[in-house]
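Have a look at the structure below, then the notes.
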Amino acid sequence: MKRIITFGTFDVFHVGHVNILERARNLGDHLTVGVSSDALNFSKKNRYPIYCQDDRLKIISSLKFVDDVFLEESLELKDIYIKKKQANILVMGDDWLGRFDWVKDKTDCDVIYLERTPAISTTQVIEIVKRI
Ligand code: CTP
């Protein structure tokens with residue numbers, strides 16, 4: 001059984017999120033998703049998500065290709081989460097290209113970066129809605 005893990009904020013859920021989760025799940029038999037906490041998002045992007053962490057966890061856990069969710073509290077704990085969840089492959093969008101290669105040295109987990117869906121992001125959706 002091949003276990004996949006991925007991480008993200010998944011705020012203002014959109015089709016780019018669906019695509020990466022669907023493709024991640026298709027690389028194996030089980031998909032775990034680490035959903036970034038509100039505090040982690042604030043430290044990363046200097047703003048809180050529109051949807052709170054409990055709502056984002058509920059949305060992601062309701063998807064048919066997601067088997068398990070948990071709250072990601074720190075970007076630097078990826079190796080700990082990966083071991084705990086017994087993941088074989090870490091999937092990230094290619095906006096993170098190279099950033100998590102260190103995981104390969106600390107765990108038995110492979111790291112794969114998938115191409116982002118073009119022309120959509122949470123930030124872009126928020127900007128469009130602001131202008132309406
Ligand atoms: N993602 C993707 N294609 C997009 C947008 C996001 O594949 N068009 C992927 C990211 O690469 C990441 C995951 O979805 O692996 C969660 O990304 P997240 O940062 O939550 O979404 P973004 O839309 O990129 O958010 P933001 O605009 O706030 O950076």
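Order of appearance sets the numbers: ligands from 1, and atoms from 1 within every ligand. Computed from a predicted model, the values in this text were never measured in an experiment.
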Decide whether an N or O pair under 3.5 Å exists between [X] and ligand 1.
| X | answer |
| --- | --- |
| Gly8 | no |
| Thr122 | yes |
| Trp96 | no |
| Ile120 | yes |
| Gln124 | no |
| His17 | yes |
| Thr117 | yes |

Is it the side chain (CB and beyond), the backbone, both or neither of [X] that lies under 4.0 Å from ligand 1, heavy atoms counted?
| X | result |
| --- | --- |
| Lys44 | neither |
| Asp95 | side chain |
| Lys45 | side chain |
| Ile20 | side chain |

Q: Go through ligand 1 atom by atom and flag the ones less than 4.0 Å from a non-hydrogen atom of Arg47.
A: 28 (O)

Q) For ligand 1, which atoms, with element, lie under 4.0 Å from some heavy atom of Thr9? A) 20 (O)

Q) If every non-hydrogen atom of Pro49 is compared with every non-hydrogen atom of Asp38, which pair is closest and at what distance? A) CG-OD1, 3.7 Å

Can you pull out the closest protein heavy atom to [atom]? Residue, atom name and distance to 0.1 Å, please.
| atom | answer |
| --- | --- |
| atom 27 (O) of ligand 1 | Thr123 OG1, 2.6 Å |
| atom 13 (C) of ligand 1 | Phe10 CE2, 3.8 Å |
| atom 6 (C) of ligand 1 | Arg116 NH1, 3.4 Å |

Side chain proximity check, [X] to [Y], heavy atoms < 4.5 angstrom:
| X | Y | answer |
| --- | --- | --- |
| Lys64 | Arg25 | no |
| Phe65 | Val18 | yes |
| Thr32 | Asp67 | no |
| Ile5 | Phe70 | yes |

Q: Decide if atom NZ of Lys44 counts as having more than 12 heavy atoms of other residues, nucleotides or ligands within a radius under 6.0 Å.
A: yes

Q: Check whether any side-chain N or O of Ser43 sits under 3.5 Å from a backbone N or O of Leu40 as a donor-acceptor pair, and report yes or no.
A: yes

Q | Residue pair Thr9 / Asn41, side-chain donor-acceptor N/O under 3.5 Å | A | yes

Q) Which option out of Pro49, Ala24, Gly93 puts a heavy atom nearest to atom 15 (O) of ligand 1? A) Gly93

Hey, can you pull the donor-acceptor pairs under 3.5 Å for the side chains in residues 122-132, sequence neighbours left out?
from: Thr122; atom 1: OG1; to: Asp11; atom 2: O; distance (Å): 2.7
from: Glu127; atom 1: OE2; to: Lys130; atom 2: NZ; distance (Å): 3.3

Would you be so kind as to tabulate the donor-acceptor pairs closer than 3.5 Å made by side chains of residues 88-100, with sequence neighbours excluded?
from: Asn88; atom 1: OD1; to: Arg3; atom 2: N; distance (Å): 2.7
from: Asp94; atom 1: OD1; to: Arg116; atom 2: N; distance (Å): 3.3
from: Asp95; atom 1: OD2; to: Arg116; atom 2: NH1; distance (Å): 2.9

Q. For the residue pair Phe7 and Tyr81, does the interplanar ring angle fall in the parallel (under 30°), tilted (30 to 60°) or perpendicular (over 60°) class?
A. tilted

